[in-house]
Novice: 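Here's a structure for you.
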Amino acid sequence: VDEFDDVTLTCTADSNPAPNSFSWTSMDGTDVQGTLSNNGFTLTATISAITYQQAGTYTCTAGNGIGVAATAGTNVTVEYPPKFYTPPDPYPAAIGEDVSMECSAFAVPDITTFTWSKNGTKVTNS
């Protein structure tokens, strides 16, 4: 999904009797609020405007007090544009000396190219 899209997680259990405990949790253990339907056999949760920090595995757990509660997981991949790590500002450099500048960013899918420019003109290694 793209960053800031709404994501709907749906989990359907098959048990007799119907589950009396039903939950979605994120990878850090936080409960994701949901709505029961289908006579208590389906739990649907919506994550509004998902962010890249919310990507990961979500686990559905259903139990009815008989045996061990069942779990099932799904992985949510969030695609987002490049985000930059903060560079030093300003870059320390002595007049007349070479300066080495680094640009670091992260994104999904991975970044494949970087371009440096100064005042709109492409800069290359020299």
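Keep in mind it's a predicted model, so treat the numbers as computed, not measured.
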Novice: With a 6.0 Å cut-off (strictly less than), is the heavy-atom count around CG of N39, excluding the residue itself, greater than 12?
Specialist: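 At most 12 heavy atoms, drawn from other residues, nucleotides or ligands, come within 6.0 Å of this atom.
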Novice: What pair of heavy atoms forms the shortest contact from Y85 to A105, and how long is it?
Specialist: CD1-N, 3.8 Å
Novice: Counting neighbours of CG on N75 that are heavy atoms of other residues, nucleotides or ligands and sit closer than 6.0 Å, is the number greater than 12?
Specialist: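 Counting neighbours around CG of N75, more than 12 heavy atoms of other residues, nucleotides or ligands fall under 6.0 Å, so yes.
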Novice: Testing I47, T77, D6, V78 one by one against V1 for a side chain to side chain contact (heavy atoms under 4.5 Å, CB included), which residue passes?
Specialist: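 Of the listed residues I47, T77, D6, V78, the side chain to side chain contact (heavy atoms under 4.5 Å, CB included) partner of V1 is V78.
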Novice: Pick one: which of T35, T12, T10 meets side-chain hydrogen bond (donor to acceptor under 3.5 Å, both in side chains) with T42?
Specialist: T12
Novice: Evaluate the side-chain contact (heavy atoms from CB on, under 4.5 Å) criterion for residues Y80 and F4: first the C-alpha distance (whole Å), next the side-chain angles of each, then the deciding distance (0.1 Å), finally the verdict.
Specialist: CA-CA 9 Å; Y80 54 94; F4 306 119; over 6 Å; no
Novice: Where is the tightest heavy-atom contact between C11 and F22, given as atom of each residue plus distance?
Specialist: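 Where C11 meets F22 most closely, the heavy atoms are O-CZ, 3.6 Å.
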Novice: Please check if atom CZ in F114 has more than 12 non-hydrogen atoms from other residues, nucleotides or ligands closer than 6.0 Å.
Specialist: yes
Novice: Considering only distance and modelled atom types, tabulate donor-acceptor pairs under 3.5 Å from the side chains of residues 50-74, sequence neighbours left out.
Specialist:
| unit_1 | atom_1 | unit_2 | atom_2 | d |
| --- | --- | --- | --- | --- |
| T51 | OG1 | Q53 | OE1 | 3.1 |
| T51 | OG1 | Q54 | OE1 | 3.3 |
| Q54 | OE1 | T51 | N | 2.8 |
| Y58 | OH | Q54 | O | 2.6 |
| N64 | OD1 | I66 | N | 3.0 |
| N64 | ND2 | P17 | O | 2.9 |

Novice: With the 4.5 Å side-chain cut-off for hydrophobic clustering, are L43 and L9 part of the same group?
Specialist: yes
Novice: Quick check: closest heavy atoms across S15 and F41, and the distance to 0.1 Å?
Specialist: O-CE2, 3.1 Å
Novice: For D31, look at atom CG and say whether over 12 heavy atoms of other residues, nucleotides or ligands are found less than 6.0 Å away.
Specialist: yes
